[in-house]
**Q** 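A single structure is presented below for examination.
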Protein chains: 2
Amino acid sequence: MSPVFPLILERVRDERRATPRRERSDSVRNRERLLSAARELFAAEGLQAPLDRIATAAGVGPGTLYRHFPTRSALWEAVLEEPLLAQLALVDRALADPDRWAGVAGYILETCALEAERGGYLNLMTTRFDDAPRLLEIRTRIQRRIVELFSRARAEGAIRPDFTTEDLLFITLSNSRVAEVTRDVAPRAWRRNAQLFLDSLRPERAHPLTEPPLKPSDVARTMMTRPTARRPD
Amino acid sequence: MSPVFPLILERVRDERRATPRRERSDSVRNRERLLSAARELFAAEGLQAPLDRIATAAGVGPGTLYRHFPTRSALWEAVLEEPLLAQLALVDRALADPDRWAGVAGYILETCALEAERGGYLNLMTTRFDDAPRLLEIRTRIQRRIVELFSRARAEGAIRPDFTTEDLLFITLSNSRVAEVTRDVAPRAWRRNAQLFLDSLRPERAHPLTEPPLKPSDVARTMMTRPTARRPD
DNA sequence: GTTATAACGGAGAGGTGTCTCCGGTATTCC
DNA sequence: GGAATACCGGAGACACCTCTCCGTTATAAC
């Protein structure tokens with residue numbers, strides 16, 4: 001056992017590390033499968049769908065899922081960026097509409113549709129994304145644009161003056177709950193709920209709200225429970 | 001071993017069966033404790049609160065809980081009759097109000113309050129009570145009265161003409177969700193949501209709803225999942 | 001007291017879900 | 001083709017919840 005051989009092997013290993021090995025084909029394939037299964041199950045059963053079931057649906061073992069996505073948040077980041085960006089695009093379109101009411105009403109209906117309709121993800125806007133900074137960042141951008149959208153509408157009298165962006169929490173929660181419950185029974189029922197809500201938004205003959213609005217910090221604290229099912233420590 | 005003794009014992013046993021033994025004091029005490037713990041946990045954590053935790057909170061073993069209340073439904077029947085009757089009383093009061101709008105608006109606000117406020121039970125009106133016929137029966141009575149309340153209000157133009165009692169599902173779901181999420185953060189926030197909803201009910205603010213109303217059978221099918229946690233067979 | 005027994009409560013089986021470890025294998029590189 | 005190793009996937013630990021069985025105990029009746 002001369003010391004020479006180990007040294008050579010050492011060098012070889014270092015070279016390998018410098019030019020990293022190509023990603024294994026089965027790894028790539030499995031990641032794709034996992035993402036596709038996750039998209040499907042998150043849409044069908046909600047963002048809390050059991051990870052094991054996602055692994056099974058993807059045809060891999062649980063170990064493989066956890067290697068690719070160590071936490072639920074990691075999987076969320078990979079899956080939910082796209083729909084969140086779609087949401088962002090919606091606000092932008094709404095902001096571009098010169099008709100303020102049309103902008104606001106259209107935004108609400110479309111964002112509800114995005115969550116409620118088949119293949120849409122429920123609770124996208126009300127789930128904690130603590131460990132998913134990318135998602136959080138997009139949502140922050142969305143929220144800033146929403147504030148802009150509604151303050152313009154309010155300033156121009158397109159909506160009732162006492163409506164705040166925090167009040168959007170109500171339609172968001174309401175829509176996801178209604179959609180969840182009526183999906184299989186009356187898949188378009190959420191629209192009626194949203195249309196009713198729109199009528200409560202209109203400026204004409206609005207009756208004053210005696211209950212003060214939520215503070216933004218309160219809204220933040222209503223976000224849905226932890227991303228993994230693990231108990232709090 | 002003469003056959004006489006057994007015969008006497010037999011008679012004694014029969015007499016005992018005729019005059020049943022008094023209920024044991026510890027049994028009574030434990031039932032009270034269980035009910036009180038159940039009231040508390042159902043209110044604090046929802047109607048699906050773990051039965052084991054209820055047993056623990058009552059200071060008894062799980063066996064004792066299941067002996068007194070073999071199913072979750074049995075416990076629900078013992079605990080939820082009272083609040084459902086309170087709900088019934090609310091509709092009756094609303095029906096008695098000669099001012100139709102006041103009746104309807106009052107009913108909605110008060111029923112929301114009943115569910116949302118500390119010690120109230122969430123989802124009382126949207127949980128399946130399949131194995132709790134007494135609760136089911138009360139709820140049916142409530143629903144009949146509600147139909148009466150709203151059809152009068154509609155007939156007299158106190159609310160928008162296209163609003164159906166099935167649409168109440170929306171405020172019910174919305175209120176319980178909002179309450180659930182804001183309870184610890186802004187315990188009165190549900191009121192603002194309800195007030196907004198009321199404005200969508202007013203006839204003078206109504207814009208036509210393009211989405212048709214739910215059918216009563218659809219509403220029935222939106223009821224929340226099974227009473228026990230056991231998987232469906 | 002004594003006795004019969006109803007009620008207790010905890011151990012544990014069975015189910016679901018999260019997450020890890022590790023022996024075996026498939027893939028890449030040469 | 002062979003060697004090195006990254007990746008696989010299942011077994012299994014842990015946690016939570018439901019529900020039952022059964023040896024022990026408390027209570028009521030006498």
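Values below: all heavy atoms of this structure, side chains included; hydrogens, waters and symmetry mates excluded. Chain naming here is simple, since letters A, B, ... match the order of the sequence lines and numbering starts at 1 in each.
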**Q** Pick out the pairs of N or O atoms, protein on one side and nucleotides 21-25 of chain D on the other, that lie under 3.5 Å.
**A**
none

**Q** Treat a base pair as Watson-Crick or G-U wobble with both distances under 3.5 Å, then lay out DNA chain C in dot-bracket form, 5' to 3', with | for cross-strand pairs.
**A** ||||||||||||||||||||||||||||||
**Q** So which of residues 28-42 of chain A are in contact with DNA chain D, with a heavy-atom cut-off of under 4.0 Å?
**A**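 Residues of residues 28-42 of chain A that come under 4.0 Å of DNA chain D are, in numerical order, A:Asn30.
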**Q** Residues in salt bridge (charged side-chain N to carboxylate O under 4.0 Å, His left out) with B:Glu77, at least two apart?
**A**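 B:Glu77 satisfies salt bridge (charged side-chain N to carboxylate O under 4.0 Å, His left out) with B:Arg134 only.
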**Q** Please state how far atom CZ in B:Arg22 lies from atom C1' in C:dA6, giving the value in whole angstrom units.
**A**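 One finds 14 Å between C1' of C:dA6 and CZ of B:Arg22, rounded.
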**Q** Could you pull out every donor-acceptor pair under 3.5 Å between side chains of residues 26-37 of chain B and any protein atom, sequence neighbours left out?
**A**
| from | atom 1 | to | atom 2 | distance (Å) |
| --- | --- | --- | --- | --- |
| B:Asp26 | OD1 | B:Arg24 | NE | 3.2 |
| B:Asp26 | OD2 | B:Arg24 | NH2 | 2.8 |
| B:Asn30 | ND2 | B:Asp26 | O | 3.3 |
| B:Arg31 | NH1 | B:His68 | ND1 | 3.3 |
| B:Arg31 | NH2 | B:Glu23 | OE2 | 2.8 |

**Q** Checking A:Glu45 now: which residues fulfil side-chain hydrogen bond (donor to acceptor under 3.5 Å, both in side chains) with it, not counting sequence neighbours?
**A**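 With sequence neighbours excluded, A:Glu45 shows a side-chain hydrogen bond (donor to acceptor under 3.5 Å, both in side chains) to A:Arg53, given in chain and number order.
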**Q** What's the closest nucleotide to the B:Arg21 side chain, out of D:dT18, C:dT5, D:dC7?
**A**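 The nucleotide sitting nearest to the side chain is C:dT5.
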**Q** Would you say the side-chain atoms of A:Asp131 and A:Thr71 include a donor-acceptor pair closer than 3.5 Å?
**A**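 Looking only at side-chain atoms, A:Thr71 and A:Asp131 do not form any donor-acceptor pair under 3.5 Å.
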**Q** Going by the rule side-chain contact (heavy atoms from CB on, under 4.5 Å), which residues pair with B:Arg145 if we only count those two or more places apart in sequence or in a different chain?
**A**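 side-chain contact (heavy atoms from CB on, under 4.5 Å) list for B:Arg145, sorted by chain: B:Leu88, B:Val91, B:Asp92, B:Leu95, B:Arg141.
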**Q** Mind checking ring pair (Phe, Tyr, Trp, His ring centres under 6.0 Å) for B:Tyr66 and listing every partner two or more places apart, or none if nothing turns up?
**A**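 Partners of B:Tyr66 under the ring pair (Phe, Tyr, Trp, His ring centres under 6.0 Å) test: none.
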**Q** Given C:dG9, D:dT27, D:dT18, identify the nucleotide with an atom nearest to the side chain of B:Val60.
**A**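 The nucleotide sitting nearest to the side chain is C:dG9.
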**Q** Tell me the interatomic distance from B:Leu65, atom CG, to D:dT18, atom P, rounded to whole angstroms.
**A**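 From B:Leu65 CG to D:dT18 P: 10 Å.
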**Q** How many whole angstroms separate atom CG of A:Asp52 from atom P of D:dA15?
**A**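 Taking CG of A:Asp52 and P of D:dA15, I get 17 Å after rounding.
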**Q** Report the residue (A:Glu23 or A:Pro62) whose heavy-atom-nearest nucleotide on DNA chain C is the more 5′ of the two.
**A**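 Here A:Pro62 is the residue nearer the 5' end.
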**Q** Please give, in whole Å, the distance from D:dC16 P to B:Ile54 CD1?
**A**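 Checked: the CD1 to P distance equals 17 Å.
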**Q** Specify the separation, in whole Å, of atom CD of B:Gln48 and atom C1' of D:dC16.
**A**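 Answer to the nearest Å: 15 Å.
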**Q** Can you list the residues that meet the side-chain contact (heavy atoms from CB on, under 4.5 Å) rule with B:Glu82, with sequence neighbours excluded?
**A**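 Partners of B:Glu82 by the side-chain contact (heavy atoms from CB on, under 4.5 Å) criterion come out as none, since no residue qualifies.
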**Q** In chain order, what residues pass the salt bridge (charged side-chain N to carboxylate O under 4.0 Å, His left out) check against A:Arg118, with sequence neighbours excluded?
**A**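 Residues passing salt bridge (charged side-chain N to carboxylate O under 4.0 Å, His left out) with A:Arg118: A:Asp184.
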**Q** DNA chain D: B:Leu51 or B:Asp26, which has the more 5' nearest nucleotide?
**A**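 That would be B:Leu51.
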**Q** Tell me, please, which residues at least two apart from B:Glu180 pass salt bridge (charged side-chain N to carboxylate O under 4.0 Å, His left out).
**A**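 Here no residue qualifies.
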**Q** Ignoring the backbone of A:Thr64, work out which of D:dG9, D:dT18, C:dG17 is nearest its side chain.
**A**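 The listed nucleotide nearest to A:Thr64's side chain is D:dG9.
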**Q** For B:Thr164, enumerate each residue passing the side-chain contact (heavy atoms from CB on, under 4.5 Å) test, keeping only those at least two apart in sequence or located in another chain.
**A**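 In terms of side-chain contact (heavy atoms from CB on, under 4.5 Å), with neighbours along the sequence ignored, B:Thr164 is linked to A:Arg192, B:Glu166, B:Asp167, B:Pro213.
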**Q** Before accepting this row, confirm whether a basic side-chain N of the pair B:Arg93/B:Glu110 lies closer than 4.0 Å to the acidic partner's carboxylate O.
**A**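 Counted as a salt bridge, because a side-chain N and a carboxylate O are separated by less than 4.0 Å.
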**Q** Please report, rounded to the nearest Å, how far the C1' atom of C:dT16 is from the CD atom of A:Glu45.
**A**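 So the CD-C1' distance, A:Glu45 to C:dT16, works out to 13 Å.
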